[in-house]
Amino acid sequence: MVYREFQGMQLSNLGMGAMRLPLADGDDTHVDQAAVEEMVALAMERGVNYYDTAWGYHGGNSELAMGQALHRYPREQFYLADKFPGYDLSNMGKTAEIFEEQLKKCQVEYFDFYLFHNVCEMNIDAYLDPQYGTFDYLMEQKKLGRIRHLGFSAHGSPAVIRRFLEAYGPHMEFCQLQLNYLDWTFQEGREKVELLREYHIPVWVMEPLRGGRLAKLTEEHAARLDALRPGEGAVGWAFRYLQTLPGVKVILSGMSSLQQMEENLRI
């Protein structure tokens with residue numbers, strides 16, 4: 001496993017995202033727990049120490065599945081990330097209630113990493129509005145040691161991200177971005193990374209394969225890549241690209257099968 005240094009810790013460059021876990025019957029809310037535990041066991045065996053879940057993944061069952069799978073391992077062997085679901089404005093003002101429930105669902109007493117989820121045009125005003133107390137509450141949990149590192153994920157424009165950083169930038173330790181070789185330009189990835197660099201904030205990557213689309217190239221495009229680096233494969237190209245970007249610490253992959261886990265570990 002490749003590791004990246006972050007504040008004295010060694011984080012596995014590959015992190016397990018829990019948004020696309022294996023399903024029991026095709027229903028997104030019915031997670032195949034046995035398959036999840038098999039994937040986590042292989043990940044732990046091969047050196048993955050970063051696991052990312054969220055309130056809304058799999059209809060609220062991702063946190064339960066990951067909590068059950070990780071509970072079998074000593075707490076110091078893994079880093080767990082969760083998020084406040086501000087993508088749903090009805091959650092504003094419920095930070096404490098949701099945070100306490102997340103700890104219970106994940107069967108932990110603290111989160112290693114915690115994020116403002118999906119800072120974007122829709123919720124930036126609410127995230128910055130002191131009446132909801134989101135920032136104040138999360139900072140208090142950090143002081144209490146129940147959050148070890150505080151950050152945010154973002155799908156918004158560079159202008160929205162700048163507004164967020166102008167308010168909270170000195171307190172943000174990392175940022176999770178949708179980033180891949182297509183979104184480097186298509187979703188203004190370059191501009192977002194450069195903005196984070198101004199604040200000395202490292203990057204966590206989500207959607208490295210753009211929801212799997214970059215793993216399934218046309219025959220023509222796959223052949224062009226294979227001619228340049230025989231045997232690498234489309235998935236390998238996507239991960240290698242991200243590994244070249246300065247500031248990228250963790251690349252999260254939402255794996256849905258043991259086969260996908262094995263392939264990503266090999267890369």
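- Separation of the F111 and F99 ring centroids falls under the 6.0 Å cut-off.
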- prompt: Taking it one step at a time, do Y50 and F113 satisfy ring-ring contact (aromatic ring centres under 6.0 Å, His included)?
  reply: CA-CA 10 Å; Y50 194 98; F113 296 87; 5.2 Å; yes

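- Defined by atom type and a distance below 3.5 Å, a donor-acceptor pair is present between the side-chain atoms of D28 and H58.
- Salt bridge absent: E207 and R213 never bring a charged side-chain N and a carboxylate O closer than 4.0 Å.
- S12 and N49 form a side-chain donor-acceptor contact under 3.5 Å, judged by distance and modelled atom types alone.
- Proximity of a side-chain donor or acceptor of E121 to a complementary backbone N or O of S157 within less than 3.5 Å is detected.
- For the residue pair Q141 and Y114, no side-chain donor N or O sits within less than 3.5 Å of a side-chain acceptor on the partner.
- Side chains of Y181 and W237: a donor-acceptor N/O pair is absent below 3.5 angstrom, by distance only.
- One finds a salt bridge joining K83 and D52 here, because a Lys/Arg side-chain nitrogen approaches an Asp/Glu carboxylate oxygen to under 4.0 Å.
- Aromatic rings of F6 and H149 (six-membered ring for Trp) have centroids within the 6.0 Å cut-off, being under it.
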task: Test side-chain hydrogen bond (donor to acceptor under 3.5 Å, both in side chains) on Q243 and N13 and set out the steps.
output: CA-CA 8 Å; Q243 287 178 319; N13 199 206; 3.0 Å; yes

Let me have the donor-acceptor pairs involving side chains of residues 36-45, under 3.5 Å, with sequence neighbours excluded, atom names and distances please.
residue: E37; atom: OE2; partner: Q33; partner atom: NE2; Å: 3.1
residue: E37; atom: OE2; partner: Q68; partner atom: NE2; Å: 3.4

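- Between C106 and T53, the closest heavy-atom pair is SG-CG2, 4.2 Å.
- Considering every non-hydrogen atom in both F174 and L150, the closest pair reads CE2-C, 3.6 Å.
- For the pair R148 and E76, the salt-bridge criterion is not met [side-chain N within less than 4.0 Å of a carboxylate O].
- The aromatic rings of Y168 and F116 sit parallel to each other, their planes meeting at less than 30°, with 60° as the upper class boundary.
- In this structure, a donor-acceptor pair under 3.5 Å is absent between the side chains of N118 and S153.
- In this structure, F78 has its ring center no closer than 6.0 Å to that of Y73.
- Taking every heavy atom of both residues into account, G254 and R20 meet most closely at O-CB, 3.6 Å.
- Checking K105, K104, Q107 one by one against E63, the side chain to side chain donor-acceptor pair (under 3.5 Å) holds for a single residue, K105.
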